[in-house]
2 protein chains.
Amino acid sequence: MKPLSDTQPHGHLALQPHERSLIGMWLRLAKCYNLALRDVRASLRDACTLPQFDVLSQLKRSDERGLTFSELSRLLLVTAGNLTGIIDRLEEQGLVRRETNPEDRRETFIKLTEKGRDYATEIIPKHERDLVKIFSGLKPEIVDQLRSGLAELRKHLDAHGRHGSDE
Amino acid sequence: MKPLSDTQPHGHLALQPHERSLIGMWLRLAKCYNLALRDVRASLRDACTLPQFDVLSQLKRSDERGLTFSELSRLLLVTAGNLTGIIDRLEEQGLVRRETNPEDRRETFIKLTEKGRDYATEIIPKHERDLVKIFSGLKPEIVDQLRSGLAELRKHLDAHGRHGSDE
DNA sequence: TTACAGTAATTGAAGCATGAATGGTTGCAA
DNA sequence: TTGCAACCATTCATGCTTCAATTACTGTAA
């Protein structure tokens with residue numbers, strides 16, 4: 001009655017059904033995300049790029065002080081090196097400005113300019129309505145199912161990602 | 001009894017709870033995908049990039065004929081212009097080769113070389129075990145919930161993406 | 001005070017991604 | 001046959017993304 005293969009005996013064994021379904025979940029997640037991303041990006045095209053939108057959106061909901069590169073980096077899950085370029089382009093458009101923190105001159109706050117605040121106020125609701133258009137038609141049960149499942153997945157990934165991968 | 005505001009009367013109205021939850025779903029989807037993507041990429045780092053892995057993986061499961069740029073483009077949801085570069089790099093490493101279709105000289109087949117096939121055979125199972133490691137620990141009910149929800153979302157996006165956006 | 005470990009942002013190289021424009025190829029219609 | 005519309009891959013410009021190396025600044029310990 002002993003099984004021919006167990007979970008991870010040595011490494012080179014066929015995957016069990018449950019493991020297969022984990023992989024399938026990841027593939028579906030990736031497919032859905034990229035499929036949706038196309039529409040999301042398309043709807044945003046004339047306004048700005050998605051990463052730029054994300055920055056504006058975070059700044060809009062932050063207080064007067066603005067956000068540092070480190071903070072934005074954590075919020076948006078991108079590297080600080082990446083942000084430098086994104087902020088450069090937003091700054092060229094006059095939508096944000098850099099301001100060194102006088103208390104700790106290593107940090108620089110990123111703040112919305114007047115123009116940037118106006119722009120964010122204009123495009124955020126517009127984008128939200130586009131998002132609704134893209135996803136509306138899904139049955140509410142499905143939406144709830146996904147929301148709660150994704151929340152669980154999020155918890156799992158947060159916990160897993162922290163203390164590195166064992167083995 | 002007539003409601004104060006309906007779904008899309010003119011554009012500038014507050015979102016309804018159900019619409020809010022659609023947006024929340026998208027945000028969670030994006031967060032989870034990017035969070036997981038970090039781990040997935042990290043696990044693949046020494047082998048090759050994720051897009052390159054995806055190409056090798058598709059070629060491995062295709063028959064001897066290989067795949068054209070158009071076919072790969074549809075399968076991987078990337079533009080043909082993008083693929084040109086990815087295939088260039090795989091070709092430089094000797095893992096794939098281009099071969100013009102003699103029946104229609106516009107098309108070029110991309111095929112695994114001997115070396116490419118060996119390499120794919122080596123890294124695909126390895127990567128699958130890494131994926132399992134990243135996601136294992138999730139309760140099976142959650143996995144099923146996500147799998148079925150994502151399948152529905154996929155259907156919706158496929159249907160929606162085809163015939164453009166109405167309005 | 002000076003050395004230094006740690007943190008913050010920037011830079012640079014490589015690769016991924018898009019959209020638009022280009023050149024080769026095909027098949028069909030005039 | 002010639003013209004042409006449609007299709008395929010490539011190229012180009014722009015921007016995103018990572019990782020690794022660098023510069024600038026801070027606080028602390030010698």
Side-chain angles (χ1 to χ4, degrees), chain A residues 30 33-56 66-93 95-111, chain B residues 30 33-56 66-93 95-111:
Chain A
Y33 174 77
N34 285 294
L35 223 38
L37 186 58
R38 284 189 165 187
D39 295 346
V40 172
R41 227 192 316 244
S43 96
L44 212 49
R45 186 131 40 112
D46 298 324
C48 60
T49 67
L50 184 53
Q52 287 174 15
F53 177 88
D54 289 338
V55 168
L56 293 178
L67 295 170
T68 66
F69 281 85
S70 306
E71 288 167 342
L72 265 177
S73 172
R74 269 194 303 280
L75 288 168
L76 303 182
L77 298 180
V78 298
T79 60
N82 188 359
L83 275 176
T84 298
I86 297 173
I87 300 300
D88 283 348
R89 286 177 283 272
L90 284 171
E91 204 171 20
E92 282 167 19
Q93 299 171 63
L95 299 175
V96 305
R97 66 172 193 281
R98 284 169 161 93
E99 201 164 292
T100 305
N101 181 0
E103 323 253 308
D104 182 344
R105 302 179 42 75
R106 287 173 299 185
E107 294 185 328
T108 72
F109 293 131
I110 303 148
K111 305 187 181 206
Chain B
Y33 174 78
N34 285 295
L35 223 38
L37 187 58
R38 285 189 164 187
D39 295 345
V40 172
R41 228 192 316 244
S43 96
L44 212 49
R45 185 133 39 114
D46 298 324
C48 60
T49 67
L50 185 53
Q52 288 174 14
F53 178 88
D54 288 338
V55 168
L56 293 178
L67 295 169
T68 67
F69 281 84
S70 307
E71 288 167 341
L72 265 177
S73 171
R74 269 194 303 281
L75 287 168
L76 304 182
L77 299 179
V78 298
T79 60
N82 188 358
L83 274 177
T84 299
I86 297 173
I87 300 300
D88 282 348
R89 285 178 283 273
L90 284 171
E91 204 170 19
E92 281 166 20
Q93 298 171 63
L95 299 175
V96 306
R97 65 172 194 281
R98 285 168 159 93
E99 202 165 291
T100 305
N101 180 1
E103 324 252 307
D104 183 342
R105 302 178 43 74
R106 286 173 299 186
E107 294 184 326
T108 73
F109 292 130
I110 303 149
K111 306 186 181 206

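In what follows, chains carry the letters A, B, and so on, assigned in the order in which the sequence lines appear, proteins first and then strands, with residues in each chain numbered from 1.
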Query raised in the report: Counting any heavy atom closer than 4.0 Å, what does A:Ile86 reach on the DNA or RNA strands: base, sugar-phosphate only, or nothing?
Result: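 Sugar-phosphate only.
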Query raised in the report: With sugar-phosphate meaning primed atoms plus P, OP1 and OP2, does A:Ile110 contact a base, only sugar-phosphate, or nothing at under 4.0 Å between heavy atoms?
Result: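 Here A:Ile110 touches no strand at all.
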From [atom1] of [X] over to [atom2] of [N], roughly how many Å is that when rounded to an integer?
X        : N      : atom1 : atom2 : result
B:Glu103 : D:dC8  : CD    : P     : 15 Å
B:Arg105 : C:dT26 : CZ    : C1'   : 12 Å
A:Leu37  : D:dC16 : CG    : P     : 13 Å
A:Phe109 : C:dA8  : CZ    : P     : 12 Å
B:Leu72  : C:dC16 : CG    : P     : 14 Å

Would you indicate, yes or no, if [N] has its OP1 or OP2 atom less than 4.0 angstrom from a side-chain nitrogen or oxygen of [X]?
X        : N      : answer
A:Thr108 : C:dA8  : no
B:Arg98  : D:dT10 : yes
B:Ser70  : D:dC7  : no
A:Thr79  : D:dT18 : yes
B:Arg38  : D:dC19 : no
A:Asn82  : D:dC16 : no

Looking only at side-chain atoms of [X], point me to the closest of [options].
X        : options                : result
A:Asp104 : D:dT26, D:dC16, C:dT11 : D:dT26
A:Ala80  : D:dA9, D:dT17, C:dT10  : C:dT10
B:Thr68  : C:dC16, D:dT17, D:dA9  : D:dA9
A:Arg106 : D:dT10, D:dA24, D:dT17 : D:dA24
B:Gln52  : D:dA9, D:dT17, C:dG15  : C:dG15
A:Arg45  : C:dG19, D:dC8, C:dA8   : C:dG19

Report task. Please answer whether the main-chain N or O of A:Lys111 pairs with a side-chain N or O of A:Glu99 as donor and acceptor at a distance below 3.5 Å. Result ->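 No; zero donor-acceptor contacts below 3.5 Å.
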Report task. Determine the sole option in B:Thr100, B:Asn101, B:Thr68 for which the side-chain hydrogen bond (donor to acceptor under 3.5 Å, both in side chains) test with B:Glu107 is passed. Result ->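 Testing B:Glu107 for a side-chain hydrogen bond (donor to acceptor under 3.5 Å, both in side chains) against B:Thr100, B:Asn101, B:Thr68 leaves exactly one candidate, B:Asn101.
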Report task. Output, in order, the C-alpha distance, side-chain angles, deciding distance and verdict of side-chain contact (heavy atoms from CB on, under 4.5 Å) for B:Val96 and B:Leu56. Result -> CA-CA 8 Å; B:Val96 306; B:Leu56 293 178; 4.2 Å; yes
**Report entry** Working for side-chain contact (heavy atoms from CB on, under 4.5 Å), residues A:Leu75 and A:Leu67
**Finding:** CA-CA 10 Å; A:Leu75 288 168; A:Leu67 295 170; 4.1 Å; yes
